Undergrad: 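Would you mind keeping the following structure in view while I ask a few things?
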Amino acid sequence: MPAGTIRVRLDELLAERGMTLTELSHKVEITVVNLSILKNGHAKAIRFSTLTRLCEALGCQPGDLLTYD
């Protein structure tokens, strides 16, 4: 049985909020490059502090940002 994957729904949440990756980058003080790595599914890990800042800026819960497929 193949292992599931964690998917980051950053594109969907940004679109729903009419926000760009650059705007989010400024709000959470994370570089656009690092957000792109996360958005494209290339990140190996995410710090809880980063997840917290993303959720605060996007007005969401961690489960809104991350899904398990």
Side-chain angles (χ1 to χ4, degrees):
M1 173 185 262
T5 59
I6 300 292
R7 190 172 63 82
V8 180
R9 297 186 58 246
L10 198 50
D11 274 338
E12 294 97 324
L13 292 174
L14 287 172
E16 289 170 9
R17 286 150 179 80
M19 188 183 300
T20 66
L21 200 62
T22 302
E23 290 171 327
L24 181 61
S25 159
H26 291 300
K27 287 185 177 204
V28 297
E29 298 179 348
I30 298 170
T31 66
V32 172
V33 171
N34 283 336
L35 282 177
S36 291
I37 290 169
L38 181 64
K39 178 177 77 89
N40 294 322
H42 297 292
K44 300 291 182 199
I46 184 169
R47 293 177 188 258
F48 281 125
S49 59
T50 301
L51 185 57
T52 299
R53 291 197 315 264
L54 287 169
C55 287
E56 288 171 352
L58 293 168
C60 69
Q61 294 293 314
D64 300 325
L65 187 58
L66 305 172
T67 61
Y68 177 75
D69 295 330

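Predicted model, so just to flag it, every value in this text is computed and none were measured.
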Undergrad: How far does CG of Leu35 sit from CD1 of Ile30, to the nearest 0.5 angstrom?
TA: 5.0 Å

Undergrad: To the nearest 0.5 Å, tell me how far Leu38 CG sits from Ile46 CD1.
TA: 4.5 Å

Undergrad: For Asp64, what residues pass the side chain to side chain donor-acceptor pair (under 3.5 Å) criterion, not counting sequence neighbours?
TA: none

Undergrad: Return the set of residues passing side-chain contact (heavy atoms from CB on, under 4.5 Å) with Ala15 (not counting sequence neighbours), or none when no residue passes.
TA: none

Undergrad: List the residues meeting side-chain contact (heavy atoms from CB on, under 4.5 Å) with Ile6, not counting sequence neighbours, and say none if there are none.
TA: Leu66, Tyr68

Undergrad: Find out if a path of hydrophobic residues (ILVMFWY) with successive side-chain heavy-atom gaps under 4.5 Å connects Leu24 to Ile37.
TA: no

Undergrad: According to a hydrophobic-cluster definition based on side-chain heavy atoms being under 4.5 Å apart (Ile, Leu, Val, Met, Phe, Trp, Tyr only), do Leu54 and Met19 belong together?
TA: yes

Undergrad: Which residues pass the side chain to side chain donor-acceptor pair (under 3.5 Å) test with Thr31, not counting sequence neighbours?
TA: Asn34

Undergrad: Counting N and O atoms only, with roles assigned by atom type, does the side chain of Thr52 sit under 3.5 Å from a partner on the main chain of Phe48, one being a donor and the other an acceptor?
TA: yes

Undergrad: Go through the structure and list residues passing side-chain contact (heavy atoms from CB on, under 4.5 Å) with Thr5, not counting sequence neighbours.
TA: Asp69

Undergrad: For Arg17, what residues pass the salt bridge (charged side-chain N to carboxylate O under 4.0 Å, His left out) criterion, not counting sequence neighbours?
TA: none

Undergrad: Which salt bridge (Lys or Arg N to Asp or Glu O under 4.0 Å) pairs, counting each pair once, include a residue from residues 23-37, with sequence neighbours left out?
TA: none

Undergrad: Nearest heavy-atom pair of Cys55 and Pro62: which atoms, and what distance?
TA: SG-N, 3.5 Å

Undergrad: Decide yes or no for Leu14 and Thr20: does some side-chain heavy atom of the first lie under 4.5 Å from some side-chain heavy atom of the second?
TA: no

Undergrad: I need the minimum non-hydrogen distance between Leu10 and Leu65, along with the two atoms involved.
TA: CD1-CD1, 3.9 Å

Undergrad: Holding to side chain to side chain donor-acceptor pair (under 3.5 Å), I want the full list of residues that pass it with Glu12, two or more places apart in sequence or in another chain.
TA: Arg7

Undergrad: Just grab all the salt bridge (Lys or Arg N to Asp or Glu O under 4.0 Å) pairs involving residues 30-55, residues at least two apart or on different chains.
TA: Asp11-Lys39

